[in-house]
Amino acid sequence: MAAQFSRAVVMLLLLFFMALIPLSCAAGMSISRQRLEVQKYLKRLNKPAVKSIQSPDGDIIDCVRMSHQPAFDHPFLKTHKIQMRPNFHPEGLLVSSKPQERLNSVSQLWHLNGRCPEGTIPIRRTKNDDVLRASSAKRYGMKKRRTIPQPRSVDPDLINESGHQHAIAYVEGDKYYGAKATINVWEPQIEQPNEFSLSQLWILGGSFGEDLNSIEAGWQVSPDLYGDNNTRLFTYWTSDAYQGTGCYNLLCSGFIQINSEIAMGASIYPISGYRGSQYDISILVWKDPKEGHWWMQFGNDHVLGYWPSFLFSYLADSASMIEWGGEVVNSEPDGEHTSTQMGSGHFPEEGFGKASYFRNIRIVDDSNNLRAPKGIGTFTEKSNCYDVQNGNNGDWGNYFYYGGPGKNPNCP
Ligand SMILES: *[C@@H]1O[C@H](CO)[C@@H](O)[C@H](O)[C@H]1NC(C)=O
Ligand SMILES: *[C@@H]1O[C@H](CO)[C@@H](O)[C@H](O)[C@H]1NC(C)=O
């Protein structure tokens, strides 16, 4: 039902843009007409702001009343009562951060120019150019359609997916109710605007056919989506293998945000430097055992909000696989491997301060406890291009280094 409804919303959007595309193609129809249609779309997407903050990176952050956020365009959410806190937290609510973690605390660039008032949530404003840049306007904010390959036990979703390359750690074969990781933050270089580089965790449910359920969160550099090369906090969800439902950030109805400090899709600041200061972000996603919603926390004390349980089929129960790591698009410019970087752009062997890491990776088990994952596997399509190496020690628990430069003499 839920999936059908979100599909209906997407279909409406599709119809809208199908009407739009012939307009832009037909002789005599002006660009300004197309712009007018985009304006209409943006008017629906961008909610009225109580206050707007100009970020140094060119973004505008709109402080939108919590009850006016995009989620409430969803027919199933019209009468939904916002939950202002989770019923349950696998670490206990409001864990005080250790002094050492506060030192290198990571924030968002737009904070330099202001904050949103209580009762509002910060939303990155979508601009004309964001929509016009999308390869197809009707899929703005959605992932590019992916060919879902045959199921394989190693990594069914991801193997040989056209042009996408990964260096990941994963667990499967159990029921999972959440995952956590602390992720080193870098600004990898992207060779072509239609490529991206991201570092994230995946909460996956179901078969890897047409109805894959996925919740994803981490950081990404995506010139197509944002119009620049900045490293941005992002989330993604789908309940049908990236076909009809789901989107990045708050670009469709789904995620309900309750936090007034962190904007999805906004630039993260500061960024780690090679042989320089290192910064990382913690992300925790967990399922509330009472309501079944999937909650997300950024850092040690920013509970951002939740994906309502009804958005999903398999994830309405539990996840069957967790993955952590990097993904890039290799569009093979000039028939050679892309030089788009993953992580820091350096191989795992280089270690701390040079290669990018995930540390303290954990899962939430069926007793709702955060635990070290058992039986961690690693996977990469081409280790000469991007690699992954995992390890374990006292401070970092289960960790791995990952990434690489892409094109190099061993990865032509
Ligand atoms: C990807 O596909 C190619 C050709 O079909 C095959 O040779 C290769 O082994 C596949 N890679 C993986 C990791 O399965
Ligand atoms: C992003 O980086 C690429 C090369 O890494 C560069 O060609 C492009 O101009 C940059 N884009 C922006 C908007 O800065």
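Atoms within a ligand are numbered from 1 in the order they appear, just like the ligands themselves.
In this structure, F255 has its ring center at least 6.0 angstrom away from the ring center of H293.
Remark: the E195 side chain and the T340 side chain contain an N/O donor-acceptor pair separated by less than 3.5 Å. Using modelled atom types, one finds a donor on one side chain and an acceptor on the other under 3.5 Å when comparing N213 with S313. There is a side-chain donor-acceptor pair under 3.5 Å between Y402 and S199.
Without hydrogens or angle criteria, T380 side chain to H166 main chain gives a donor-acceptor distance under 3.5 Å.
At a heavy-atom cutoff of 4.0 Å, ligand 2 is surrounded by I190, G227, D228, N229.
Taken to the nearest 0.5 Å, the CG atom of N194 stands 13.0 Å off from the CG atom of L225.
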